[in-house]
Every structure is written in structure tokens, then in C-alpha cells.
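Report on the following structure.
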Amino acid sequence: MVWPQRLELLDMPPMGAQSFQTMPTVLVFFSIACPYCRRHNQRLNKLALQNSGRLRVLGAASDTDTGALRHYRDSQGLAFPIAAGAHALREQVTPRRVIPFTAVIARDGKFNERIPGEMTEEDILGLARWASTGDQQ
């Protein structure tokens, strides 16, 4: 996968393609209107907090209203960065339309996993193995 040269994030500096080479990334596509995504993102938030500095969690919302996204992020207490209107990125990752959709991406841009749908807390916390092993299982 070729990362975008510049990924705009809510209330944070944009991420360049080189930023994705620093650590494995758990990327989740979601919508603020999706109740499954809400639970899923809470579980991913726990993963992000427990693995800070070793594993990046990145949200990619289909929503384009940045005010609504900020409210969602803040009301949910989400600590991971979120990109708004991430349709182009989604098209690079998967043709599937199911949300949430989670992908684990190694520093070299290769996909370790692509997981459609809501995951259990145990399964999400299991993604921490990518942090402890770098890019290999």
C-alpha cells in the first residue's frame, strides 16, 4: 500500500507517509452514527493507551463534519488521532463497505491483518502482539 503523502488529522499536525514507517499501525474505518463502531472504538482506545509508543491506532472516519467528529471524539474520550472523510484512504485499503473495518499495517506498508466488523475486546487487545513483535507475528 502506498500511504498518502499527507493525511489530515483532527486537531493535530498532518501525518506524512514517512510517519507510518515508525511503528505498526492499527487503522479503523468507522462512522460516528454506527453503534458497533462506538463499542469497537472504545476497545481500540484501550489498545492505544496500553501500547502507546509501540503501536499506533488511527481512526479513519467516513464522516466529513469535523465539528461532529470532535464532539464524538471528546464525548467518547478517544485518545487516538482521527482523519475525517477518509474515503480515498479506504479505497486504497479495501473495497468492502462494512464498518467498522480494521487493518493492521506493518512499517513497510504491508498488511498483517484485515478484519471486517466489530471485534471483541479480547480480539482487539490481541492486536497488541504487533507492538511487542514489531511487524511480525
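Start at 1 with the first residue, then count along the sequence.
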Here the salt bridge (Lys or Arg N to Asp or Glu O under 4.0 Å) pairs for residues 68-78, sequence neighbours left out, are Asp11-Arg70, Asp11-Arg73
Mind checking what makes side chain to side chain donor-acceptor pair (under 3.5 Å) contact with Ser19, not counting sequence neighbours? none
Taking all non-hydrogen atoms of both residues, which atom of Asp108 and which atom of Lys110 are closest, and how far apart? OD1-N, 2.9 Å
Residues two or more places apart in sequence or in another chain: which of them pass side-chain contact (heavy atoms from CB on, under 4.5 Å) with Leu9? Leu7, Met12, Met15, Leu58, Pro81, Ala83
Within residues 37-48 or reaching into it, pairs that qualify as salt bridge (Lys or Arg N to Asp or Glu O under 4.0 Å) - sequence neighbours excluded: Arg39-Glu118, Arg43-Glu118, Lys46-Glu121
Could you note down all residue pairs passing salt bridge (Lys or Arg N to Asp or Glu O under 4.0 Å) where residues 82-105 supplies at least one of them, sequence neighbours left out? none
Separation between CD (Gln21) and CD1 (Ile105), nearest 0.5 Å, reads 12.5 Å
side-chain contact (heavy atoms from CB on, under 4.5 Å) involving Ala33 - partner list, sequence neighbours excluded: Ser31
Nearest-0.5 Å distance that lies between atom CG in Leu69 and atom CG in Leu10: 5.5 Å
Is a side-chain donor or acceptor of Asp65 paired with a backbone partner of Ala68 at a separation under 3.5 angstrom? yes
Going hydrophobic residue to hydrophobic residue with side-chain gaps under 4.5 angstrom, can you get from Ile32 over to Val57? yes
Are Val98 and Val93 co-members of a hydrophobic cluster defined by side-chain heavy atoms under 4.5 Å apart? yes
In sequence, state the C-alpha distance, the side-chain angles, and the governing distance for Arg54 and Trp130, and then conclude on side chain to side chain contact (heavy atoms under 4.5 Å, CB included). CA-CA 9 Å; Arg54 298 180 300 134; Trp130 298 111; over 6 Å; no
Which atom of Ile82 lies closest to which atom of Ala61, heavy atoms considered: CG2-CB, 4.3 Å
Output the distance between atom SG (Cys37) and atom CG (Asp63), rounded to the nearest 0.5 Å. 9.0 Å
Once ring pair (Phe, Tyr, Trp, His ring centres under 6.0 Å) is applied, what residue pairs with a partner in residues 26-67 remain, sequence neighbours excluded? Phe30-Tyr72
Heavy atoms only: give me the nearest Asn45-Ala79 pair and the separation to one decimal. OD1-N, 2.6 Å
Find the distance between CG (Leu127) and CD1 (Ile115) and round it off to the nearest 0.5 Å. 5.0 Å
Could you give the distance from OG1 (Thr102) to CG (Asp123), rounded to the nearest 0.5 Å? 10.5 Å
Treating Ile, Leu, Val, Met, Phe, Trp and Tyr as nodes and any side-chain heavy-atom pair under 4.5 angstrom as an edge, say whether Phe111 and Leu27 lie in one connected cluster. yes
If you count the non-hydrogen atoms of other residues, nucleotides and ligands that lie under 6.0 Å from NE2 in His87, is the total more than 12? yes
Once side chain to side chain donor-acceptor pair (under 3.5 Å) is applied, do any residues pair with Glu8, and if so which ones, sequence neighbours excluded? Arg6
Straight-line distance of Phe80 CZ to Leu44 CG, nearest 0.5 Å: 5.5 Å
Excluding sequence neighbours, so at least two apart, what forms side chain to side chain donor-acceptor pair (under 3.5 Å) with Gln42? Gln76
What residues, two or more places apart in sequence or in another chain, satisfy side chain to side chain donor-acceptor pair (under 3.5 Å) together with Thr22? Arg56
Would you please name every residue forming a side-chain contact (heavy atoms from CB on, under 4.5 Å) with Thr64, sequence neighbours left out? none
